[in-house]
Amino acid sequence: MSSKIQPVKGTREFYPEEMALRNFIYEKVRAASQSFGYQEYDGPFIEAIDLYAAKSGEELVKKQSFTFQDRGGDFVTLRPELTPSLARMIAAKQGELTFPARWWSFGPFWRYEQPQKGRSREFFQWNLDMLGVNSPEADAELIAVGAAFLRSVGLTSDLAAIYVNNRRLMDSEFDALGISAEKRMDVSNLVDRRSKMESAKWDSYALELGLDQTQLDGLKSILDNFDLWKKSDELVRLFSALEALGVSDYVKFDPNIMRGLLYYTGTVFEAFDTSGSLKRAIFGGGRYDNLLADVGGQSLSGVGFAMGDVVIGILLKEKGLLPEFVPSPAPVLVTVFDESLLRESYALAAELRHSGLNVLCFPEPAKLQKQFKFADKMKARVVLTMGPDEFSNNEVAIKNMMNGEQIKVKREAVLQSILGMLNSV
RNA sequence: GAGCCUGUAGCUCAACGGCAGAGCGUCGCCCUGUGGAGGCGAAUGUUGCGGGUUCGAAACCCGUCAGGCUCCCCA
């Protein structure tokens with residue numbers, strides 16, 4: 001036991017049931033992305049650490065990346081996020097791509113942090129970005145894709161909400177309070193923590209950061225002002241577009257949404273489960289105006305968001321929104337009556353596979369009871385048996401596992417009978 | 001990186017200083033050609049690992065490893 005090699009901490013083992021969940025998420029993600037015309041792509045899983053150094057935030061690069069030296073001595077890292085790779089890919093073909101580019105991706109990422117509920121060191125992430133258009137309406141489309149996904153998995157707008165803010169709006173509010181540019185980072189950090197700290201503690205922490213009492217009071221009134229968006233043309237247009245897109249039920253303005261990544265410049269948003277059973281964002285994103293120039297491209301604006309598979313997976317499980325798990329992808333199982341009929345059973349299964357059915361065949365003779373129990377566990381819907389009686393009459397016994405009825409049909413009619421049973425549900 | 005909690009059968013857990021158990025699952029039988037419900041029965045443990053205290057340790061102490069939760073950060 002103790003000598004067994006454990007999986008690397010924070011990595012994931014996808015047993016068939018978990019794999020089904022991952023694929024379920026993938027399918028819903030793909031459907032939502034494609035319904036808005038986004039194209040699928042992917043980047044390298046390993047990148048030079050320098051790619052992230054500029055804009056991803058110190059925490060992400062220095063403490064949370066799986067970094068190592070390759071055999072040539074270069075420092076590389078398992079990708080902790082996709083946006084910088086995307087920016088480079090776009091920049092490299094900027095002259096030949098057609099804009100606006102609408103791209104999406106679903107793949108693995110790694111971050112070295114403490115595994116806990118909703119967070120692992122290895123996770124899958126949906127990324128969706130639009131590049132080449134800088135407008136609140138483009139931002140709205142991104143939010144609408146996110147909302148379409150939530151709706152498609154059954155997270156209705158009373159179960160999940162998308163909170164929106166705008167960095168430019170906040171910057172101008174901070175300017176008005178005389179909060180210096182150097183303190184911006186500390187202040188956004190402060191804002192992020194507000195919901196997690198007692199208000200008295202939060203106040204004294206704010207003063208420690210060097211805000212004076214007037215600035216603190218001003219900050220609080222900003223953060224409590226849920227009508228603040230009306231002062232931002234961008235947000236006014238955003239909310240109008242969201243209404244046209246039919247997703248306003250999901251979206252609310254919230255001045256407390258800041259987001260840690262440094263590259264966001266305009267609209268930012270985060271989706272949460274409204275019951276608050278998980279205090280982690282389902283997805284989050286925003287507009288980045290300078291990222292492309294930072295990796296060597298011409299200035300090009302983008303907007304995007306990312307969703308990890310862990311939080312959404314926990315939520316879907318908790319809310320009972322997952323489809324029933326069917327262990328075997330084969331709805332049909334062929335039993336093996338005895339040694340002498342094994343080849344016949346194998347041949348029957350093969351024949352049905354050639355007709356396009358997924359078919360499971362028991363791999364050895366065994367008591368029929370055992371084989372039927374196995375079929376039941378695999379949630380097979382139809383079980384075929386060819387015993388001596390059936391074989392001598394050129395027949396096959398077909399049992400409908402959904403209602404328990406069994407019939408015998410001529411071998412030539414087996415396919416039709418099966419299809420009839422499978423379609424009758 | 002810090003704090004708190006937990007490691008006992010495949011799983012969930014009980015036993016809290018005195019014979020290591022239950023439920024679920026698995027397997028077998030009831031049922032010699034048929035699943036789900038039920039009945040009966042069986043198998044399965046260096047109590048995470050190492051040391052210490054004790055007549056006696058799963059339990060108490062120390063260390064260590066692993067997991068969970070929180071802080072931090074974030075998908």
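Here is how names work: the chains are called A, B, and so on, in the same order as the sequence lines, proteins then strands, and each is numbered from 1.
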For Gln125(A) and A75(B), what is the distance between atoms CD and C1' respectively, to the nearest whole Å?
5 Å

With both distances kept under 3.5 Å, what pairs with A9(B), Watson-Crick or G-U wobble?
none

Donor-acceptor pair present, Gln114(A) side chain and U70(B) base, under 3.5 Å:
no

Students often get this wrong, so: under 4.0 angstrom with heavy atoms, is Thr335(A) touching a base, only sugar-phosphate, or nothing?
nothing

Looking at Tyr264(A), does the NZ or CZ of Arg167(A) lie under 6.0 angstrom from its six-membered ring centre and within 45 degrees of the ring axis?
no

Indicate, with a heavy-atom threshold strictly under 4.0 Å, whether Asn127(A) touches base, sugar-phosphate, or nothing.
nothing

Could you tell me whether Glu405(A) contacts a base, only the sugar-phosphate backbone, or nothing, with contacts defined as non-hydrogen atoms closer than 4.0 Å?
nothing

Closest to the Gln116(A) side chain: G33(B), G36(B), C71(B)?
C71(B)

Should the side chain of Glu270(A) and the base of A75(B) be counted as holding a donor-acceptor pair, with the cut-off at 3.5 Å?
no

Nearest-Å distance once atom C1' is located in both G52(B) and G28(B)
46 Å

For A42(B), which nucleotide in any strand shown is its Watson-Crick or wobble partner with both distances under 3.5 Å?
U26(B)

Could you check whether Arg111(A) pairs with Glu81(A) (Lys NZ or Arg NE/NH1/NH2 to Asp/Glu carboxylate O, under 4.0 Å)?
no

Whole Å only: how far is the CD1 atom of Ile398(A) from the P atom of G35(B)?
18 Å

C4(B): pairing nucleotide in any strand, Watson-Crick or G-U under 3.5 angstrom
G68(B)

Both distances below 3.5 Å, Watson-Crick or wobble geometry, any strand: find the nucleotide opposite A15(B).
none

When rounded to the nearest Å, what value does the distance between C1' atoms of A58(B) and C19(B) take?
14 Å

C69(B) C1' sits how many Å from Ile314(A) CD1, rounded?
12 Å

Taking the side chain as C-beta and beyond, is there a heavy-atom pair between Val336(A) and Leu341(A) under 4.5 Å?
no

Which nucleotide in the list A75(B), G35(B), C29(B) gets nearest to the side chain of Lys399(A)?
G35(B)

Ignoring hydrogens and angles, does a donor from either the side chain of Lys373(A) or the base of G36(B) sit under 3.5 Å from an acceptor on the other?
no

Would you measure the distance from the C1' atom in U12(B) across to the matching atom in G7(B) and give it in whole Å?
14 Å

Report yes if a donor N or O on one partner sits less than 3.5 Å from an acceptor N or O on the other, where the partners are the side chain of Arg111(A) and the base of C74(B); otherwise report no.
no

So Leu316(A) and Phe24(A), do their side chains get closer than 4.5 Å, heavy atoms only?
yes

G33(B), A75(B), G28(B): which one has an atom nearest the side-chain heavy atoms of Ala281(A)?
A75(B)

Can you tell me if Asn423(A) uses its side chain to pair, donor with acceptor, with the backbone of Leu419(A) under 3.5 Å?
yes

Rounded to whole Å, the CD-P distance (Gln406(A) to G33(B)) equals 14 Å

Mind checking the P distance from C72(B) to A9(B)? Whole angstroms is fine.
36 Å

Sorted by position of nearest nucleotide on RNA chain B, 5' first, the leading residue of Phe337(A) and Lys377(A) is Lys377(A)

Axial cation check for Phe106(A) ring with Arg30(A), 6.0 Å and 45° limits:
no

Euclidean distance for P, U26(B) against G10(B) (whole angstrom)
15 Å

Within the 4.0 Å heavy-atom criterion, would you say Thr83(A) contacts the bases, only the backbone, or no part of the nucleic acid?
nothing

C1'-based separation of C31(B) from G38(B) [nearest Å]:
13 Å

When both hydrogen-bonding distances must be under 3.5 Å and the geometry is Watson-Crick or G-U wobble, what is U47(B) paired with, if anything?
none

Of the listed nucleotides (A75(B), G35(B), G33(B)), which one gets closest to any side-chain atom of Pro388(A)?
G33(B)

Distance check, C1' atoms only: A57(B) and C16(B), in whole angstrom units.
11 Å

Ring pair (Phe, Tyr, Trp, His ring centres under 6.0 Å) between Trp229(A) and Phe239(A): does it pass, once the steps are laid out?
CA-CA 9 Å; Trp229(A) 63 277; Phe239(A) 280 104; 5.0 Å; yes

Distance test, side-chain N/O of Gln369(A) to OP1/OP2 of G35(B), below 4.0 Å
yes

Rounded distance (Å) that lies between atom P of G28(B) and atom NZ of Lys367(A)
8 Å

Grab the CZ-P distance between Phe362(A) and G33(B) for me, whole Å please.
16 Å

Using the P atoms only, state how far G68(B) lies from C11(B), rounded to an integer number of Å.
15 Å

Taking atom types as they are modelled, would you say the side chain of Arg280(A) forms a donor-acceptor pair with the base of C74(B) within the 3.5 Å cutoff?
yes

Pairwise 5' ranking along RNA chain B for Pro115(A) and Arg121(A), keeping only the more 5' one:
Pro115(A)

If pairing means Watson-Crick or G-U wobble with both distances under 3.5 Å, then the partner of C60(B) is G52(B)

Taking atom C1' of U34(B) as reference, at what distance in whole Å does atom CD of Gln371(A) sit?
10 Å

Enclosure of Lys410(A) NZ (heavy-atom neighbours >12, cutoff 6.0 Å)
yes

Within the structure shown, what part of the strands sits under 4.0 Å from Ile282(A) by heavy-atom distance: base, sugar-phosphate, or nothing?
sugar-phosphate

Just the rounded figure in Å: distance from P of G33(B) to CD of Glu395(A).
18 Å

